[in-house]
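Lettering of chains follows the sequences in order, A, B, ..., and the numbering in each one begins at 1.
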Amino acid sequence: MADDKLKQKISEGLNDESARIGRNRALGVIKPSMQKAVIKFPHLRDRLRAIKQFSVAHLDELLEKTTEVMQQRGTKVFIANTQQEALDYIGRVVGKGLVVKSKSNAGKEIGLVHYLEAQGAQVVETDLGDRITQLDGSTASHTMAPSIHVPIERVAELFSKEVHEALHPELEELIQAARKSLRSFLVRADVGISGANAIVADTGAVVLSENEGNIRAISSMPKIHIAIAGVEKIVPTLQDAITVIKSAAVFGVGQDIGTYISLLSGPGRFENDDFAFMGDAYGPRELHVVFLKAGRDKALQEGYEESLYCINCGSCLNFCPIYAAIGEKFGYKYLGGRGAVFTAMHEHLDKAQEAGLSLCIDCKRCVEACAVGMKTPEMIARLRSTVANERGLPLAKKVAFHELSSGKLPGWVKLAKTFQNLGLINVGDGMAKLRLPLQNLPADRLVPLLAEKSFPEIVKRRTKPAKNFPKRVAFFAGCVVNFVRPDLGLRLMELLEGQGVEVVTFPEESCCGIPALQSGDEADAREMARHNLKMLALKNFDHLLFICPTCATTVVHEWPRLLQDEPEWARQATEIAQKSIDISSYLVHVLGIHPPETAMSLTATYHDSCHLARGLKVTEEPRKLLQSIPGVELVEMAEANACCGFGGSFSMSYYNLSRRINEDKMKQIAATNAECVVAACPGCVLHMKDGVYHEGGKQKVKHIVELLAEAYKKSGETQK
Amino acid sequence: MSRLQQIAKLRQELIDDKPDLAAQVTAIRENAISNLPDLIATATETLQRKLANVYFAKDEAELAGILKTILKGESRVSRAHSNTLAEIDFDGIMTNLGVEVSLTNMEEIVRQQMKLPDHGHPRLLVLDQPRHVIEEGLRRYTGHPEKIAPNELGRLVTEQVKQNILHSGCGVTGADCIVAENGVLALAEDDGNARAVSSLPYKHLAIVGLEEIVASVEEAVTVIQAASIVGAGRLTPTYISLIAGPSRTADIEFRMAYGMHGPKEVHVILLDNGRKALHQGAASSLLKCINCGSCYESCVELAARQQWTDVTMTPKDFALGLLQGRLSPLKSKAPMREFSCPVGLTAEDVPESLARI
């Protein structure tokens with residue numbers, strides 16, 4: 001089953017310590033370089049996206065033009081409709097010859113090396129990293145630095161065997177030996193095979209970027225050069241190709257451009273036609289360009305054309321928390337979330353599941369990092385929805401989402417509370433341990449205790465303060481506040497009432513729908529949206545407040561989209577979306593809250609929740625509020641906007657992954673020496689409490705509303 | 001039809017297809033000239049940032065000194081053809097240093113073997129020679145005793161040249177452009193020998209005139225494409241190679257090392273040799289010239305009238321030759337025969353400007 005295979009891959013990925021060390025090493029250098037470089041080229045992303053958008057929209061036309069120009073120049077063009085066609089064509093050209101090869105995602109896509117070796121050809125990887133992993137028999141640990149997990153002693157061993165000499169584990173010596181060894185293959189190779197970073201329609205050029213010089217070698221020394229490329233590599237002009245090249249360097253590794261760029265427009269020929277009768281000059285006698293169409297057609301037909309904008313720079317991987325945790329186990333041939341999307345296009349949904357379609361935690365860092373701004377999490381959500389429609393959901397989820405959508409939550413919760421008293425051990429601070437491990441939940445996993453009384457129950461019994469309120473807001477509590485942390489809801493009410501704002505709540509609130517949506521269940525998510533909209537329509541308010549940014553993002557971005565085909569619901573959803581605001585933005589921009597008067601001595605670090613920072617684009621307001629409390633010192637952690645690993649239902653389905661991601665966050669928090677971690681998301685707070693418990697730490701974890709309520713209470717500014 | 005007539009015909013077809021190209025290239029070259037001092041400063045910095053060794057040669061004497069520093073101890077270098085290398089008599093300097101120079105451009109090889117005259121065309125080094133002369137020149141180069149099929153001969157020549165390159169301590173080229181924004185050298189060619197020369201030996205040396213500096217990579221490829229269309233009647237050269245410093249890899253334990261497949265050292269000599277004076281004088285527009293060869297026949301006529309010999313037939317090389325004192329001052333400002341120019345120089349302007357030097 002795809003699910004079991006995936007669980008196994010996750011396990012293997014989490015346990016591969018050497019790959020992880022290698023990955024962290026590479027990422028530690030690449031990420032800061034990329035962030036510095038991107039700032040220097042502010043227009044690059046927009047320019048690239050426009051080029052790719054145009055090219056993909058005119059794909060057939062451009063392919064036709066490219067073929068014509070290339071063929072006129074003597075390049076042999078083969079358009080492969082299937083992977084097998086491409087393999088057969090290349091297989092025929094190569095025969096049993098000696099092939100020298102440079103990195104190619106397209107080659108990997110069709111399983112080229114395996115195919116050629118099976119027919120008796122010898123294939124030598126010429127990129128040093130690829131050659132090391134080839135000799136070592138291991139798999140690449142990172143797309144840009146495939147062999148950094150191989151220690152230098154092992155490299156010495158491998159090349160000593162190759163060159164029949166005892167080599168020392170010394171960098172210079174090994175580089176020279178590798179150069180000599182690979183050159184000996186290059187000078188006698190029959191065929192050179194490469195991919196292509198871009199193809200230019202105007203001039204029929206194959207464009208390639210590199211740092212070592214092996215691509216120059218494989219495309220000039222053998223008499224035959226084959227370049228494989230997906231049709232989406234085609235761009236109209238030379239200048240467009242330069243934009244692609246620059247973007248790949250800037251976003252992929254933080255270089256402004258690769259060391260060597262080769263623009264190859266045909267087989268060898270003489271500048272002086274009078275010499276043409278002498279042959280092909282110094283270049284290859286034959287240049288073959290093999291275009292892959294398989295899967296690209298599907299992407300266009302099914303509305304996933306944005307996936308074709310990808311330039312394979314790997315920037316998304318550099319920031320993806322799942323990739324950081326399990327490396328190349330996330331994906332299939334193409335890595336990461338976008339790899340799962342490509343797999344769905346090139347192969348089929350089962351393979352995409354195996355690739356990790358359900359692993360994307362929707363942190364949206366890839367969207368921020370992407371050279372063309374691909375909205376990969378959205379494409380993944382659509383594919384999950386297709387999977388759910390075609391295969392249905394697992395039974396437990398089906399039942400749960402159905403219950404949630406029909407608003408039967410209270411009954412469900414009562415049942416859970418009974419279990420809670422039997423099966424959980426309270427460890428304080430609102431969290432509990434399981435008495436016995438359950439599937440997916442090891443015994444040491446902390447789970448939030450369901451509150452004695454739910455938020456609606458407490459509000460019902462609460463005496464509203466007797467005073468006139470000049471202002472009024474509505475509050476959408478969300479499930480965590482309603483059933484686990486009702487105290488946060490109460491703190492919010494106290495805080496706002498102290499500021500003269502009346503807070504209206506909704507006892508019949510149903511889940512916002514995001515858990516169903518993340519599993520691909522759009523039908524139930526729609527039901528929940530409609531239920532909530534009906535409820536919201538009964539009250540008048542200008543602002544709908546959220547202290548859970550995931551609920552807010554769902555209401556603002558997903559409800560209108562889900563209901564876009566039902567005009568009346570769509571109108572209501574849009575209206576509610578426009579009134580929706582997170583608590584920090586409300587306090588800073590709408591209410592204009594004054595700083596509290598009494599000081600509290602505290603060092604705090606702030607964690608940017610994914611849905612607040614990237615879903616709603618709010619980062620400054622919570623910090624401003626924190627810093628406005630006298631005596632609070634804000635210390636920034638290294639990567640405040642990295643995901644904490646919660647992901648809502650993700651932490652249930654993939655707890656071990658969730659934990660691993662959280663470990664990195666905990667390390668950063670510890671490094672700040674802050675007494676308290678503050679976040680503006682109840683989910684992050686839950687997960688980081690679990691994290692502190694596991695690390696044996698002493699930090700307090702608070703939602704910003706809790707901290708603010710404390711601060712204003714001290715100054716007597718909150719209603720009791 | 002002669003080779004030049006064929007090119008003229010192809011040129012016209014391509015220009016008709018790209019009516020905006022001349023205006024673009026003219027703008028690029030004009031900007032380059034007006035920003036020359038800034039471009040030189042930026043290019044020096046970016047070349048160095050990419051770990052190329054950068055030198056500045058005021059004149060041929062300084063250049064010879066720099067070459068001695070870089071190439072002392074080398075027994076052999078291989079070189080591609082470049083007008084700049086011809087301008088400074090690179091081969092002569094190497095002879096004085098005791099360094100053997102292997103030619104790699106087949107036209108140059110034929111010219112040398114058959115003692116053919118140098119017509120001064122900036123791109124075509126052998127003009128309108130019959131096949132048997134070309135074959136004989138290459139046969140002599142290989143030392144092969146008898147006549148063999150042209151393809152076979154071609155293969156023997158390229159093999160021999162490649163062996164020379166593989167046994168050279170340094171490969172020497174010019175450059176079509178230097179890109180100031182990121183320290184990139186742009187080499188454009190069809191034959192492919194410049195790629196071999198600049199990638200196989202441990203050292204790569206490029207000698208480049210100051211006027212070759214452009215601001216961006218996009219500008220460089222635009223100029224290169226224009227030169228190909230106008231100079232060769234071809235849509236694009238077969239190979240455009242962009243080089244930013246030495247070859248590098250961090251694939252072993254993520255530690256940076258140089259000279260993996262390509263050169264370990266890149267040396268770039270920025271050549272003045274009259275270019276600064278030309279830039280500061282009243283004839284600075286001639287620095288726009290990209291040596292495409294489109295005005296070749298008109299230049300040949302002018303040179304004949306002036307009795308100028310031993311010079312590449314382009315407005316820029318005439319100007320530099322005058323400044324360097326190699327050519328006698330211009331006798332007549334009469335306009336040249338009409339020609340098409342991708343950077344907006346005209347048959348009237350050129351002699352007018354040359355007269356001011």
Side-chain angles (χ1 to χ4, degrees), chain A residues 22 25-26 29 69 73 126-129 132 145-148 150-152 155 171-172 174-176 178-179 182-183 187 202-205 211-214 216-217 220 238-239 242 246 256-266 268-275 277-283, chain B residues 3 6 50 106-107 123-126 128-129 131 134-135 138 150-151 153-155 157-158 161-162 166 181-182 184 189-193 195-196 199 217-218 221-222 225 232 235-255 257-263:
Chain A
R25 194 103 158 267
V29 174
V69 174
R73 180 54 189 83
T126 57
D127 171 273
L128 181 60
I132 292 172
S147 61
I148 45 180
V150 180
I152 193 168
V155 177
L171 193 58
E172 262 319 298
L174 292 176
I175 296 291
Q176 284 187 33
R179 176 190 173 109
L182 286 169
R183 191 166 284 189
V187 295
D202 251 6
T203 60
N211 289 306
E212 288 184 19
N214 60 309
R216 296 180 91 199
S220 59
L238 271 176
Q239 290 76 7
I242 298 300
K246 282 180 170 177
D256 59 8
I257 196 166
T259 304
Y260 299 113
I261 316 297
S262 303
L263 300 104
L264 315 168
S265 305
R269 77 169 164 193
F270 287 93
E271 159 94 44
N272 190 336
D273 267 339
D274 287 346
F275 279 64
F277 75 107
M278 294 303 308
D280 331 285
Y282 293 91
Chain B
R3 174 66 47 224
Q6 271 186 342
K50 293 297 162 84
M106 286 215 231
E107 293 179 81
R123 300 173 70 102
L124 300 171
L125 312 178
V126 168
D128 296 321
Q129 292 288 340
R131 283 189 181 190
I134 294 170
E135 281 188 72
L138 293 176
N151 273 341
L153 178 59
R155 205 185 45 79
V157 171
T158 54
V161 168
K162 274 194 197 156
L166 286 167
E181 71 173 345
N182 48 23
V184 158
E189 58 167 337
D190 276 283
D191 293 31
N193 56 309
R195 292 172 91 206
S199 62
V217 180
E218 287 83 352
V221 299
T222 306
Q225 190 174 18
L235 186 57
T236 175
T238 302
Y239 303 111
I240 302 176
S241 306
L242 306 178
I243 299 168
S247 142
R248 63 201 79 196
T249 178
D251 280 341
I252 297 181
E253 293 190 343
F254 220 54
R255 294 155 61 184
Y258 301 92
M260 182 52 223
H261 285 273

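Residues Asp256(A) and Lys246(A) fail the side-chain proximity criterion, which asks for heavy atoms closer than 4.5 Å. Put simply, the side chain of Asn214(A) does not reach to within 4.5 Å of the side chain of Met260(B), judged on heavy atoms. Two residues are said to be in side-chain contact when any heavy atoms from C-beta on lie closer than 4.5 Å; Glu212(A) and Leu182(A) fail this criterion. With contacts defined as side-chain heavy-atom distances shorter than 4.5 Å, the pair Arg183(A)/Leu166(B) qualifies. The closest side-chain heavy-atom distance from Glu181(B) to Glu218(B) is below 4.5 Å. In this structure, Leu238(A) and Thr203(A) have side chains that are in contact, with non-hydrogen atoms separated by less than 4.5 Å. Using a 4.5 Å heavy-atom cutoff, the side chains of Tyr239(B) and Leu264(A) are in contact.
Looking at Arg179(A), its side chain does come within 3.5 Å of a backbone N or O of Gly259(B) through a donor-acceptor pair.
Only the backbone of Pro237(B) has a heavy atom closer than 4.5 Å to any heavy atom of chain A. Contacts of Arg248(B) with chain A are made by both backbone and side-chain atoms, with heavy-atom separations under 4.5 Å. Both the backbone and the side chain of Leu128(A) come within contact range of chain B, each with at least one heavy atom under 4.5 Å from a heavy atom of that chain. Heavy atoms closer than 4.5 Å to chain B are found in both the backbone and the side chain of Ile152(A). With a 4.5 angstrom heavy-atom cutoff, Glu172(A) touches chain B only via side-chain atoms. Contacts of Ile134(B) with chain A are made by side-chain atoms alone, with heavy-atom separations under 4.5 Å and no backbone atom involved. Of the two parts of Ala196(B), neither the backbone nor the side chain holds a non-hydrogen atom closer than 4.5 Å to a non-hydrogen atom of chain A. Only the side chain of Val184(B) comes within contact range of chain A, with at least one heavy atom under 4.5 Å from a heavy atom of that chain. Proximity to chain B is limited to the backbone of Val150(A), based on heavy atoms less than 4.5 angstrom apart.
Note on Leu138(B), Leu125(B), Leu153(B), Val126(B): by heavy-atom pairs under 4.5 Å with chain A, the leading option is Val126(B). Between chain A and the residues Val157(B), Asp128(B), Asn182(B), the most heavy-atom pairs under 4.5 angstrom are made by Asn182(B). With respect to chain A, the highest number of heavy-atom pairs below 4.5 Å among Arg255(B), Lys162(B), Gln129(B), Arg131(B) belongs to Arg131(B). Heavy-atom pairs under 4.5 Å with chain B peak, among Val187(A), Ile257(A), Asp280(A), at Ile257(A). Considering only heavy-atom pairs separated by less than 4.5 Å from chain B, the leading option among Gly204(A), Gly213(A), Ala217(A) is Gly213(A). In terms of heavy-atom pairs under 4.5 angstrom with chain A, the leader among Glu135(B), Met106(B), Gln225(B) is Met106(B). When Gly266(A), Gly279(A), Gly268(A) are compared by the number of non-hydrogen pairs under 4.5 Å with chain B, Gly266(A) comes out ahead. In terms of heavy-atom pairs under 4.5 Å with chain B, the best-connected choice from Thr259(A), Leu174(A), Ile242(A) is Thr259(A).
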Side chain to side chain contact (heavy atoms under 4.5 Å, CB included) between Tyr282(A) and Val161(B), worked out: CA-CA 10 Å; Tyr282(A) 293 91; Val161(B) 168; 3.3 Å; yes

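Contact check on Arg195(B) versus Glu189(B) returns no salt bridge, with no Lys/Arg side-chain nitrogen under 4.0 Å from an Asp/Glu carboxylate oxygen. The pair Arg123(B)-Asp190(B) does not meet the salt-bridge criterion, since no charged nitrogen lies less than 4.0 angstrom from a carboxylate oxygen.
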